[in-house]
Amino acid sequence: MAIPYNRRTHKCGELRAAHVGQKVRLAGWVDSYRDHGGMAFIDLRDYTGITQVRFNPEGNAAALELARSLRAEDVIVIEGTVVSRGTNINPRIPTGEIEVIGEALDLLSKAEPPPFEISDRTDASEELRLKHRYLDLRRPVMQRVFRMRHVIAKTIRDYFDANGFVEIETPFLTKSTPEGARDYLVPSRVRQGSFYALPQSPQIFKQLFMVAGFDRYAQIVRCFRDEDLRADRQPEFTQLDMEMSFVQADDVMTMVEGCAKAIFKNALGIDMTTPLPRMTYQEAMDRFGIDRPDTRFGLELQDVTDLVRGVEFAPFKEAAGSGGVIKCIVASGGEALTRKVTDGLTEEIKGIGGVGVPIVKVAAGDAGPTFATGIAKHLEPLAAAICARTGAKPGDTIFFMPGTYDEVCKYLHHVRTRLAEILKLIPENRWDLLWVVDFPLMTYDPDEKRWFSTHHPFTAPMDEDIPLLDTEPNKARSKAYDLVLNGTEMAGGSIRIHQRDVQARVFNLLGISDEEAQLKFSFLLDGLKYGAPPHGGIAFGLDRWVMMLAKMPSLRDVVAFPKTQRAVCLLTGAPTPVAAKQLDELALISKAPPA
RNA sequence: GGGGCCGUAGCUCAAUUGGUUAGAGUACCGGACUGUCAAUCCGGUGGUUGCGGGUUCGAAUCCCGUCGGCCUCGCCA
């Protein structure tokens, strides 16, 4: 008689010494088999863990025969009695004090040998894992990741629900908008020649919810951007998108801090201290060279422009003479900084558009610190002054960078993060969460000779900086805020413009004419006409939160069915060509050669 | 679009740098085995060296092209 697999008494990770003597019924996958002829062990796995099942003639001779034919990933259901393992306990698994004597066994589904071992220590390539993602996801580590993802998503929903937010869905088939990332387009069949765009974010819709009087909105929503992929960028990704009415920036940040605190508590059991530290954009750039500083380690940037401006070293003279800066990073632990390592850093800087990174090593001289190697001969007379300014001590290495402020920030940020890795300065299990505030409203693109929104065009300028829009727009700060965790941007948001005249002035500065603005954003601008409350919000990258908290190296590890770098799904093969009839219905002709 | 790394058995890798029959571990198949913990022991099957072309007496190895995967710059309001 078949074993009723729909009546499991326990999961495979649940049994303990306290269950000894009980009759149990378990189902799952064969993790491994150890066939001793007259006796056989089956490790039975489900998402909760592993239980060892022992088959022997005393339990059931027929079941032993069947058990000896089992192979990895066969799906079975067993009945038996929990017994103590006595002196044979396995301390490596939580159920290791007990085993189940197999008294009945049904094979529910025979498995072909899998293309790779279903285990946390599998050595299969990512390519193979993605092709057979359903097997990859069966691995315990992936089960943990996606269950943590669920916990985070549920925490977010519960938190915002408890705070009076309402979740409302926004369209996926929507309107292509000019600025920002490249849109994914969807052709219209009933209006041939016209296209929908998949949303890059529900930004405008959530603002209209505020106009509509919903007061507080939060949605976990998919967003789409057709740009090149990276380890931390997928073409479709998930955001927690939220918006609040009648608030200032502080109110949004306080609300988000509560959510972040709940996420850390529920996902990792960690109590975060709030309120979180805040840093201005300018301070972040000055000290770390990046608007998302990793504050888990030192190696801060230090300005020595005034000290070295007279030095006979062409790159320094050029930078100092043309309004640029010379900054440096002081690193201790010089033993690891061999010639090979510092030369490697120079190559990396060249690889991202720079020239290199000149260095000196600090030594102890009779009359104070001296410099050696690198550009020491140019700086020797200033050794004492530079060490006094920067705190460099004998044995330290100083990495210099001359250039424009932006160049120095970009390259020294790279040097700083690489040095932290090389010198192993990044503490494990530390979570540095902070706000970066006071972003510039706009940044100038010298190539395109025009202004771009730092955040997005609906971000409000600071009230006291509104007059600067007409005089020095580069100095106008915005009511934007970014949440940064260990050097990664986790969320970004702002207070929005709710006055049409201010919105019009910002559009003008961005080179968007009234006519163009009306054409592209009329649905927002019209909305703002009819009584828009002051409002603001934020968006979290949910995938990135999971990736960080689960300590996974790639976003692909926290998305169930991710795309490769060329935006292909290795499981389904998408994207694929379509039938000529489908293109006909959409009035489309493909210029690409047949695949 | 640019730079870099990689592709050999189902899987992970090796092959003395151009040399004659492409190996190992694991998986799989067969056998032995009543206390294993990724069981062990014995035996066996398994190859379009990503694909196409070229150089050569001879190519996994060198050259050209192409396909695929990864990292990265540009790009990502």
Side-chain angles (χ1 to χ4, degrees), chain A residues 31-43 50-59 64 68-69 71-73 83 85-93 95-96 99 101 111-132 135 177-183 200-201 203-204 223-235 237 347-354 410 414 439 441-443 445 447 450-459 478 480 489 492 494 506-507 510 512 521 539 541 553-554 556 563-566 568 570 573 595:
Chain A
D31 192 67
S32 67
Y33 65 95
R34 293 178 291 280
D35 179 3
H36 288 239
M39 177 169 80
F41 298 97
I42 297 295
D43 285 348
I50 286 176
T51 297
Q52 173 168 290
V53 185
R54 170 158 58 111
F55 292 92
N56 60 21
E58 295 76 38
L64 170 63
R68 293 187 62 205
S69 74
R71 293 295 178 269
E73 306 313 317
V83 299
R85 288 214 207 173
T87 56
N88 294 313
I89 65 166
N90 181 355
R92 294 173 58 191
I93 56 175
T95 60
E99 64 188 344
I101 303 291
E112 286 186 18
F116 55 90
E117 185 186 357
I118 310 304
S119 146
D120 285 357
R121 62 173 180 282
T122 191
D123 52 7
S125 67
E126 186 177 18
E127 192 175 354
L128 191 73
R129 289 168 43 209
L130 290 181
K131 191 172 174 182
H132 304 275
L135 295 179
T177 49
E179 299 205 37
R182 189 178 295 112
D183 284 322
Q200 296 178 28
S201 85
Q203 179 61 35
I204 292 176
C223 302
F224 306 86
R225 296 179 188 175
D226 186 4
E227 296 292 348
D228 285 354
L229 285 76
R230 289 285 189 285
D232 62 350
R233 266 171 26 200
Q234 282 278 303
F237 58 98
E347 284 309 307
E348 288 178 30
I349 296 301
K350 285 179 183 168
I352 60 174
K410 177 182 174 185
H414 182 89
F439 282 83
L441 184 67
M442 290 180 272
T443 44
D445 183 331
D447 293 333
R450 69 183 194 89
W451 295 94
F452 280 88
S453 294
T454 306
H455 188 52
H456 61 56
F458 317 113
T459 300
S478 71
E489 183 188 330
S494 63
V506 170
F507 277 154
L510 295 173
I512 302 173
F521 300 116
S554 163
R556 293 184 297 276
K563 307 283 190 287
T564 67
Q565 194 162 58
R566 293 186 63 247
V568 168
L570 292 179

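Order of the sequence lines fixes the chain letters, A, B, ..., with proteins taken first and strands second; residue numbering starts at 1 for each chain. As a basis for the values below, the full set of heavy atoms in this structure was taken, side chains included, without hydrogen atoms, waters or symmetry mates.
- The CG atom of A/D43 sits 9 Å away from the C1' atom of B/U36 (whole-angstrom rounding).
- Between the A/Q200 side chain and the A/A181 main chain, a donor and an acceptor come within less than 3.5 Å of each other.
- Residues satisfying the side-chain contact (heavy atoms from CB on, under 4.5 Å) criterion with A/S201, sequence neighbours excluded, are A/Q203, A/C223, A/R225, A/Q239.
- In this structure, A/F116 does not pack face-to-face on the six-membered ring of B/C11, missing the 5.5 Å centre cutoff or the 30° plane limit.
- When Watson-Crick and G-U wobble pairs are counted only if both distances are under 3.5 Å, B/A60 pairs with no nucleotide at all.
- At a threshold of 4.0 Å, the pair A/E347-A/K350 counts as salt-bridged, since one of the basic side-chain nitrogens sits closer than that to a carboxylate oxygen.
- For B/U36, neither phosphate oxygen OP1 nor OP2 lies less than 4.0 angstrom from any side-chain nitrogen or oxygen of A/R34.
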Please tabulate, one pair per line, all N/O donor-acceptor pairs under 3.5 Å involving side-chain atoms of residues 111-119 of chain A, not counting sequence neighbours.
unit_1	atom_1	unit_2	atom_2	d
A/E117	OE2	A/R121	NH2	3.0
A/S119	OG	A/R121	N	2.9

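- Between A/R233 and A/E227, none of the side-chain N atoms (NZ, or NE/NH1/NH2) sits under 4.0 Å from a carboxylate O, so this pair counts as no salt bridge.
- Classified by its glycosidic torsion, B/U17 falls in the syn category, the angle being within 90° of 0.
- Ring stacking holds between A/H36 and B/A39, with the centres under 5.5 Å apart and the planes within 30 degrees of each other.
- Across B/C11, B/C75, B/U36, the shortest atom-to-atom separation from the side chain of A/R85 is found for B/U36.
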Short N/O separations, protein against nucleotides 22-26 of chain B, under 3.5 angstrom:
none

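- Spacing between atom CD1 of A/I118 and atom P of B/U12 amounts to 13 Å, rounded to whole angstrom units.
- Between A/L135 atom CG and B/G10 atom P there is a gap of 17 Å when expressed in whole angstrom units.
- B/A9 makes up no base pair with any nucleotide shown, lacking Watson-Crick or G-U wobble contacts both under 3.5 Å.
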Pairs under 3.5 angstrom, nitrogen or oxygen only, protein versus nucleotides 27-31 of chain B, please.
unit_1	atom_1	unit_2	atom_2	d
B/C28	OP2	A/Y33	OH	3.4
B/C29	OP2	A/R71	NE	3.0

Polar pairs (N or O, both sides) under 3.5 Å between protein and nucleotides 70-72 of chain B?
unit_1	atom_1	unit_2	atom_2	d
B/C70	OP1	A/Q565	N	3.2
B/C70	OP2	A/Q565	N	2.9
B/C70	O3'	A/R556	NH2	3.0
B/C71	OP1	A/R556	NH1	3.3
B/C71	OP1	A/R556	NH2	2.8
B/C71	OP2	A/R556	NH1	3.4
B/U72	OP2	A/A231	N	3.4
B/U72	O4	A/Q565	NE2	3.4

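- When both distances must be under 3.5 Å, the Watson-Crick or G-U wobble mate of B/C29 is B/G43.
- Residue contacts shown for A/T459 are absent, as no nucleic acid heavy atom lies under 4.0 Å away.
- Among B/G74, B/C33, B/U34, the nucleotide with an atom closest to any side-chain atom of A/E58 is B/U34.
- Listed for the A/S478 side chain is a donor-acceptor partner under 3.5 Å among the backbone atoms of A/F439.
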Taking only N/O atoms, report every protein-nucleotides 5-7 of chain B pair under 3.5 Å with atom names and distance.
none

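- Side chain of A/K410 to main chain of A/I352: a donor-acceptor pair is present (N/O by atom type, distance under 3.5 Å, no hydrogens or angles).
- Across all strands shown, A/S125 has heavy atoms under 4.0 Å from sugar-phosphate atoms exclusively, and none from any base.
- Side-chain proximity of A/R121 to the nucleotides B/A38, B/G69, B/G35 is greatest for B/A38.
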